[in-house]
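Not measured: the values here are computed from a predicted model. Count residues from 1 along the sequence.
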Amino acid sequence: MENQNLRTNKTKILLSKSLLELLETKDFYNIKVNEICNHALVHKTTFYNHFNDKYDLLNYILIEIYNGIKKEVNKNEGIIEYYLSIAKSYIKLIKTNPKLFQSMIQTSSNDLSSFMIQELYVKDVEDTISQMNIPIPSNYVARFYVSAVYSVLNEWFIKGMIEDEDTIIKYIELLIRSEK
């Protein structure tokens, strides 16, 4: 059983790396499952044993990346610090996966990938703030702040990340505090 899990994980990693490498030169919508498989040296049947389609693979990649960085999000402090820690984790996502993020921004896969990433953050924020005493439904608050932080950081990335990380976090903090 352990060998089976090891083989499954190895296959998923190979397919993930393959898609990420292909995204460096192609738009997600123009990448075919055959290309992913050929690049990874994995049979197409094996691909479908693990994923329904390339969207499922993309979702798997985004979840893996998100799970790896969300451990750093601090849920034990106040609401503003929580949002700032989300912004910092998103910056880490950008910096550790610049090619993926670049392809998401520059191609038509932007809408799908952006939606997937935002949904991961919205769910986490909603779960956290639902336990706080906020007079607005948590789904609205979560969507508002995640969308705002996401938009600011996308703009920062598109403009070439001119400001350093501390400066952009300070800007986000000022924006969040001005909402109060």
Side-chain angles (χ1 to χ4, degrees), residues 9 12-13 16-17 19-21 23-24 27-28 51 54-180:
N9 289 341
K12 286 182 175 183
I13 289 169
S16 297
K17 284 182 179 179
L19 178 56
L20 290 172
E21 288 171 7
L23 281 171
E24 291 182 22
D27 179 14
F28 177 78
F51 301 103
K54 67 181 183 177
Y55 298 94
D56 194 24
L57 173 59
L58 178 62
N59 191 50
Y60 170 80
I61 292 168
L62 294 174
I63 288 171
E64 287 297 304
I65 291 168
Y66 178 76
N67 286 337
I69 63 172
K70 85 172 190 175
K71 296 171 188 165
E72 298 172 20
V73 173
N74 188 351
K75 295 182 177 186
N76 298 326
E77 293 189 31
I79 190 79
I80 291 174
E81 290 74 19
Y82 174 63
Y83 291 129
L84 293 175
S85 67
I86 288 171
K88 289 174 186 175
S89 77
Y90 192 70
I91 288 172
K92 185 172 183 177
L93 186 149
I94 292 170
K95 291 193 152 231
T96 57
N97 302 281
K99 293 291 188 183
L100 172 63
F101 202 79
Q102 185 75 32
S103 71
M104 287 169 36
I105 296 296
Q106 291 183 335
T107 67
S108 59
S109 65
N110 180 26
D111 292 340
L112 174 67
S113 302
S114 296
F115 175 76
M116 289 174 160
I117 290 172
Q118 281 192 49
E119 288 307 301
L120 293 170
Y121 279 102
V122 166
K123 177 74 174 115
D124 191 47
V125 171
E126 192 174 337
D127 290 346
T128 300
I129 64 176
S130 67
Q131 301 165 11
M132 299 176 181
N133 188 18
I134 298 174
I136 303 169
S138 60
N139 60 318
Y140 295 134
V141 176
R143 180 71 56 194
F144 177 81
Y145 281 106
V146 168
S147 297
V149 169
Y150 187 83
S151 294
V152 168
L153 292 176
N154 279 357
E155 182 69 13
W156 174 66
F157 183 80
I158 289 168
K159 299 296 181 192
M161 299 186 293
I162 296 167
E163 299 87 355
D164 61 35
E165 291 175 41
D166 292 335
T167 301
I168 202 68
I169 291 296
K170 186 68 177 167
Y171 291 164
I172 291 170
E173 181 178 7
L174 290 169
L175 289 167
I176 291 171
R177 290 191 189 282
S178 70
E179 289 296 322
K180 283 190 99 178

Non-hydrogen side-chain atoms of [X] and [Y] separated by less than 4.5 Å:
{"X": "Leu153", "Y": "Ile172", "value": "yes"}
{"X": "Ile91", "Y": "Trp156", "value": "yes"}
{"X": "Lys95", "Y": "Glu165", "value": "yes"}

Exercise. With sequence neighbours excluded, what pairs up with Lys170 under the side chain to side chain donor-acceptor pair (under 3.5 Å) test?
Worked result: none

For this session: Check side chain to side chain donor-acceptor pair (under 3.5 Å) between Lys92 and all other residues, then give those that pass, not counting sequence neighbours.
Result: Glu72

Closest approach of [X] and [Y], non-hydrogen atoms and distance?
{"X": "Met161", "Y": "Ile94", "answer": "SD-CG2, 4.2 Å"}
{"X": "Leu84", "Y": "Ile169", "answer": "CD2-O, 3.8 Å"}
{"X": "Glu126", "Y": "Ala142", "answer": "N-CB, 3.7 Å"}

Exercise. Sequence neighbours excluded, which residues qualify as ring pair (Phe, Tyr, Trp, His ring centres under 6.0 Å) partners of Tyr60?
Worked result: Phe51

Exercise. Counting N and O atoms only, with roles assigned by atom type, does the side chain of Lys54 sit under 3.5 Å from a partner on the main chain of Phe28, one being a donor and the other an acceptor?
Worked result: yes

Exercise. If you measure from NZ on Lys88 to CG on Asp166, what distance do you get to the nearest 0.5 Å?
Worked result: 7.5 Å

For this session: Decide side-chain hydrogen bond (donor to acceptor under 3.5 Å, both in side chains) for Asn154 and Ser151; before the verdict, give the C-alpha distance in whole Å, the side-chain angles of both, and the deciding distance to 0.1 Å.
Result: CA-CA 5 Å; Asn154 279 357; Ser151 294; 5.9 Å; no

